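The structure under discussion appears below in the form of structure tokens.
The figures that follow rest on heavy atoms only: side chains count, while hydrogens, waters and symmetry mates do not. From a predicted model like this one, the values you see are computed outputs, not experimental measurements.
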Amino acid sequence: MFSTSDNNKNQSLTFEYQIEAQALANVKKISMIDLIGGSSGILVIWYILQIIMPNEYIHIWAWAAFISLLMRLTTYWLLNHHPSLFSIQQWNFVLNFMSFLGGTVWGSIILLIPNEMTYSLAISGIIFAIIGAALGATGSNFSIFASFASPVSFLLATHLLLSEGHLFQGLALFALAYLVMTLSISFKLTRVTKQESLLQLKNKTLMQQLQQKKAEAEKANADKSRFLASASHDLRQPLQAMNLFAEALKQEIKDNQQQAILGKLHISIDAMGNLLNALLDVSKLDAGLVHVNKKNFHLFPILHKLESEFQPQASNKSLVLSVDTTIEKSQDDTNNIMASNIVIQSDPILFENILSNLLSNAIKYTSTGEISISCKHAKNSFIIYVKDTGIGIAQDEQNKVFDAFYQIGNVERDRSKGIGLGLSIVKRLCQLLGHDMVMHSQVGKGTSFEIHLPAATTSGIIHTPTSPQKDLKAKVLVIDDDTSILDGMKSMLNTWGCEVLVAQSQSEAINTLKDYQAIDLMLVDYRLQKQHTGADAIWAVRKTLNQPDLPAIIISGDTEPKRMQEMESEGFEVLHKPIKPSQLRSLMHHLLYNKQVKL
């Protein structure tokens, strides 16, 4: 196996190789500069020299310079079009050799100049300019620049040193100093360029690794969602059947002892249903299917409803659960506010969900003492407090408890303490509603949650009368591919006074309806056989019976966000398994009543 140091060494070698490759790529870019600048320089110098001092060696030099230029350009072309012809090291050798050859040719021009001050100064100035131009073109590649500048400078310096006179010798020293200076600049440019290339390569590598990690995280999250959705669906199916049979059994059992046993069964079913519903709430939030419907409503009826709902759970743990109707005043509050007068603005269903999760959490993590709900009047708002005397939360964990699936002191995964989604849902719902929430907690002394709600007026409050729960007396078609659910649904609906038709598929439902002219309501599972959906079955039955407005309820165990969005887009009433019988019965009453009014 490779160690970390081996991996780092291999990565360093890879970076070095890529930097060398990048340096070669930069060399390819100077071919046009070399062509234009080199050709122009050769022609100008040849033209001037052959006028000043006609000499056949001038023509030979010009041809040699052009041949050297063409050789370099040919090398650039091969590098550009056939980079695999040589290795990187071989290409560097060839390029350095071509650069050295060019520098030697350019430096040899000094040998053609008469040993006169005017000519020597002129040609020295030209060579210095050529070296400067080469620094600009190839300075970021030290070896190539040095291969060109060194022979030019040494030939010039040698010629000047061999000439008589202090001025020539001083000019020779300047040529060598100029070479050292340009080489130093080229070395620094090369180092900076390599560092820049190294940073770019590291950043690119980090970005690739980040994208890979992001893709892996997104895949893991998608896999988790699919797993949870699949597991939730598979668990909801038998739980739904248990719920239906238990409800049907409730109507038949009269013995008190058996009713007590059945009550415990209902408690276990409800506990499992609550766990699955927590996953469902998260899935709805992830799918963007939680719609806010803010309205004005009285606060304390909801608080008392929750008190009654959670009182049995609190009593089982010998806890005191109470709603304090005394309204605590703020410092600038001079009015005496009655609990019955308090009206707030929020989404009542989502707000009740928030408090329900807070109370459930408080009961789970409180062993002794009390849990209370109270209210404080602030300026143009009310603050709702949910307090407990539970185990409390350490300072370093107070942010973590709002993360999904995070739990304190439940390493043994005690089922009675849930699965760690309650506070995560509370936080997301508060953000969705725009309500500020503050938590205060101290280990061993308990936790307090504050929810800030805007005050409202009684205008716009709608009081919805509740209808008595009477027999439905309806003809209902149930479509589900699970026979246990069909049996349970039929048993339960029969006790409600319904005539029930059952089918396991869309085609079976159509065949079943051949002897019926009309039905009153449909209850349809969303995922059916042959990749049909509940929506497909509803449209098919409506068309077969010529009942375009036939009421229908989709009942589904699917909690995958994409699937839930599909169901939402169909426009039907949707209930998620395991459904509460009272919830189903109320919705059926509602749909059947609306149907009767419409007719």
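In terms of heavy-atom proximity, S441 sits nearest to T447 at OG-OG1, 2.8 Å. For the residue pair V426 and M437, the shortest heavy atom distance occurs at CG1-SD, 3.4 Å. In terms of heavy atoms, L306 sits closest to S356 at CD2-CB, 4.2 Å.
By the side chain to side chain donor-acceptor pair (under 3.5 Å) test, S372 pairs with no residue at all, sequence neighbours left out. Remark: P454 engages Q345, H435 in a side-chain contact (heavy atoms from CB on, under 4.5 Å) (not counting sequence neighbours). Among residues two or more places apart in sequence or in another chain, the side chain to side chain donor-acceptor pair (under 3.5 Å) test is passed with S507 by S505. Applying the side chain to side chain donor-acceptor pair (under 3.5 Å) rule to D487 yields no partners; only residues at least two apart in sequence or on another chain are considered. By the side chain to side chain donor-acceptor pair (under 3.5 Å) test, T326 is found to be paired with D324, residues two or more places apart in sequence or in another chain being considered. Legend: residues meeting salt bridge (Lys or Arg N to Asp or Glu O under 4.0 Å) with E352, ordered by chain and number and at least two apart, are K305. Taking the side-chain contact (heavy atoms from CB on, under 4.5 Å) definition, one finds that A537 meets it with I479, Q506, V524, L528, sequence neighbours left out. Residues satisfying the side-chain contact (heavy atoms from CB on, under 4.5 Å) test with T544, not counting sequence neighbours, are I510. For N494, the side-chain contact (heavy atoms from CB on, under 4.5 Å) test picks out K490, V500, with sequence neighbours left out.
Taking CG from L592 and SG from C498, the interatomic distance works out to 7.5 Å, rounded to the nearest 0.5 Å. Taken to the nearest 0.5 Å, the CD atom of Q209 stands 7.5 Å off from the NZ atom of K213. Rounding to the nearest 0.5 Å places NZ of K387 at 13.5 Å from CD1 of I371. If you take CE on M588 and CG on L472, they are separated by 5.0 Å, rounding to the nearest 0.5 Å. Taking OG of S322 as the reference point, atom CD1 of I373 lies at 8.0 Å (rounded to 0.5 Å). Rounding to the nearest 0.5 Å places CD of Q504 at 7.0 Å from CG of D481.
The shortest distance between side-chain heavy atoms of M522 and V541 falls below 4.5 Å. In this structure, T533 and D536 have side chains that are in contact, with non-hydrogen atoms separated by less than 4.5 Å. Side-chain contact between I555 and I485: absent, with no pair of heavy atoms (C-beta onward) separated by less than 4.5 Å. With a 4.5 Å cut-off on side-chain heavy atoms, L432 and D347 do not count as touching. With a 4.5 Å cut-off on side-chain heavy atoms, L584 and W496 count as touching. Counting only heavy atoms from C-beta outward, the side chains of Q547 and I519 approach each other to under 4.5 Å. Side-chain contact between T389 and T368: absent, with no pair of heavy atoms (C-beta onward) separated by less than 4.5 Å. Side-chain contact between K317 and I363 is present, with heavy atoms from C-beta onward closer than 4.5 Å.
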key: side chain to side chain contact (heavy atoms under 4.5 Å, CB included) evaluation trace for K364 with S360   = CA-CA 6 Å; K364 290 170 187 173; S360 177; 3.3 Å; yes
request  = Output, in order, the C-alpha distance, side-chain angles, deciding distance and verdict of side chain to side chain contact (heavy atoms under 4.5 Å, CB included) for Y365 and D388.
outcome  = CA-CA 9 Å; Y365 290 96; D388 65 61; over 6 Å; no
request  = Kindly indicate, with the supporting measurements, whether the criterion side chain to side chain contact (heavy atoms under 4.5 Å, CB included) is fulfilled by F382 and H377.
outcome  = CA-CA 5 Å; F382 291 98; H377 182 222; 3.4 Å; yes
task = Step by step, work out the side chain to side chain contact (heavy atoms under 4.5 Å, CB included) result for L591 and E573.
result = CA-CA 9 Å; L591 293 178; E573 297 286 350; 4.2 Å; yes
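With a 6.0 Å cutoff to the six-membered ring centre and a 45° limit on the axis angle, K295 does not count as a cation-pi contact of F297.
The backbone N or O of L321 lies less than 3.5 Å from a partner atom in the side chain of Q311, making a donor-acceptor pair. Side-chain atoms of T512 come within 3.5 Å of backbone N or O of E508 as a donor-acceptor pair. Although no hydrogens or angles enter the test, the distance criterion places a donor-acceptor pair under 3.5 Å between the side chain of K294 and the main chain of L433.
With 3.5 Å as the limit, one finds a donor-acceptor pair spanning the side chains of N357 and N353.
Enclosure of atom CG in N203 by more than 12 non-hydrogen atoms of other residues, nucleotides or ligands within 6.0 angstrom is indicated. Summarising the local packing, NZ of K543 is surrounded by 12 or fewer heavy atoms from other residues, nucleotides or ligands at distances under 6.0 Å.
Screening S346, C375, P348 for a side chain to side chain contact (heavy atoms under 4.5 Å, CB included) involving L299 leaves a single residue, C375.
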